[in-house]
Amino acid sequence: MIDIQNMKLAECEALSHWIDPRYGFLSPSKFIPALEANREVYKVDCHALEGYGQDAEFLREKEKEIFPISFNISRTDLEACDIYQKIEDTVARYGLSRDQVHIEITESALNDSSQAMVEAVQHFHDLGLPGLDG
């Protein structure tokens, strides 16, 4: 994301794409639904955050600026694992500040108006994680 007032980078977004040797470039719409259906998408989401942590660690060592990141979670992340703990562990492992990690909930999760989703949003807020733009 570019801050239009000063035309400088303000935030990055982790987007997952897949380059398959047979089929070539696959957009998330081609593989994320299958991962969600099998409750495996959390692995991609956690991998994205882990990669950010590694990048932040590298940039910190080089004394470079570290920009916040937005990354997606799915409703199935909440069901398949303790996503809160996985995020907490990654934030702690890489010494990230909570304001660097912005959570976005995927559109499919927002279609669920259950109490569980309301509680999940509150839990992320309670952990001090900004975002939840959806």
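We're numbering straight along the sequence, starting at 1. No experiment lies behind these values; they were computed from the predicted model shown.
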Given the rule in the side chain to side chain contact (heavy atoms under 4.5 Å, CB included) test, do Leu129 and Asp99 qualify, once you have shown the distances and angles that lead to the verdict?
-> CA-CA 6 Å; Leu129 296 166; Asp99 63 345; over 6 Å; no

Phe67 side chain near Asp55 side chain, heavy-atom distance below 4.5 Å =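 Of all side-chain heavy-atom pairs linking Asp55 with Phe67, none is under 4.5 Å.
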
Find out whether Gln122 and Asp126 are in side-chain contact, i.e. whether some heavy atom of one side chain is under 4.5 Å from a heavy atom of the other.
->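 Gln122 reaches Asp126 side chain to side chain.
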
Determine, step by step, whether Cys46 and Ile83 satisfy the side chain to side chain contact (heavy atoms under 4.5 Å, CB included) criterion, reporting the C-alpha distance in whole Å, the side-chain angles of both residues, the deciding distance to 0.1 Å, and the verdict.
-> CA-CA 8 Å; Cys46 290; Ile83 194 67; 3.7 Å; yes

Could you walk me through whether Phe58 and Arg60 pass side chain to side chain contact (heavy atoms under 4.5 Å, CB included), step by step?
-> CA-CA 5 Å; Phe58 174 81; Arg60 191 177 303 115; over 6 Å; no

Nearest-0.5 Å distance that lies between atom [atom1] in [X] and atom [atom2] in [Y]:
X      : Y      : atom1 : atom2 : value
Gln5   : Met7   : CD    : CE    : 11.5 Å
Leu49  : Thr90  : CG    : OG1   : 4.5 Å
Lys43  : Asn38  : NZ    : CG    : 10.0 Å
Glu104 : His102 : CD    : NE2   : 9.5 Å
Asp45  : Ile103 : CG    : CD1   : 9.5 Å

If you take all heavy atoms of [X] and [Y], which pair is closest and at what distance?
X     : Y     : value
His17 : Ser27 : CD2-CA, 4.3 Å
Ala48 : Ala14 : CB-CB, 4.0 Å
Ala10 : Pro68 : O-CD, 3.2 Å
Gly53 : Leu96 : CA-CD1, 4.3 Å

Is [Y] reachable from [X] through a run of hydrophobic residues whose side-chain heavy atoms are each under 4.5 Å from the next?
X      : Y      : value
Ile69  : Phe124 : yes
Leu78  : Leu35  : no
Tyr42  : Tyr84  : no
Ile105 : Ile87  : yes
Leu26  : Val41  : yes

More than 12 heavy atoms of other residues, nucleotides or ligands under 6.0 Å from [atom1] of [X]: is that the case?
X     : atom1 : result
Tyr23 : OH    : no
Ile4  : CD1   : no
Gln85 : CD    : yes

Answer yes or no: is there a donor N or O on one side and an acceptor on the other, between the side chain of Asp77 and the main chain of Ile73, under 3.5 Å?
->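 No, because the side chain of Asp77 does not come within donor-acceptor range (under 3.5 Å) of the backbone of Ile73.
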
Using atom types as modelled and distance alone, determine if a side-chain donor or acceptor of Asn6 lies under 3.5 Å from a backbone N or O of Lys8.
->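 Yes.
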
Partner set under ring-ring contact (aromatic ring centres under 6.0 Å, His included) for Phe31, not counting sequence neighbours |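 Counting only residues at least two positions away or on another chain, Phe31 forms a ring-ring contact (aromatic ring centres under 6.0 Å, His included) with Trp18.
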
Using the side chain to side chain contact (heavy atoms under 4.5 Å, CB included) rule, take Glu88 and Leu127 through it: C-alpha gap first, then chi angles, then the decisive distance, then the call.
-> CA-CA 8 Å; Glu88 287 284 295; Leu127 290 174; 3.8 Å; yes

Under 3.5 Å, is there a donor-acceptor pair between the [X] and [Y] side chains?
X      : Y     : answer
Glu36  : Ser74 : yes
Glu50  : Tyr94 : yes
Gln100 : Ser97 : yes

Quick one: do Tyr52 and Phe71 satisfy ring-ring contact (aromatic ring centres under 6.0 Å, His included)? Show the steps, please.
-> CA-CA 10 Å; Tyr52 172 71; Phe71 80 104; 8.7 Å; no

Note: Glu57-Arg93 ion pair, threshold 4.0 Å (strictly below) |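 Salt bridge: no.
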
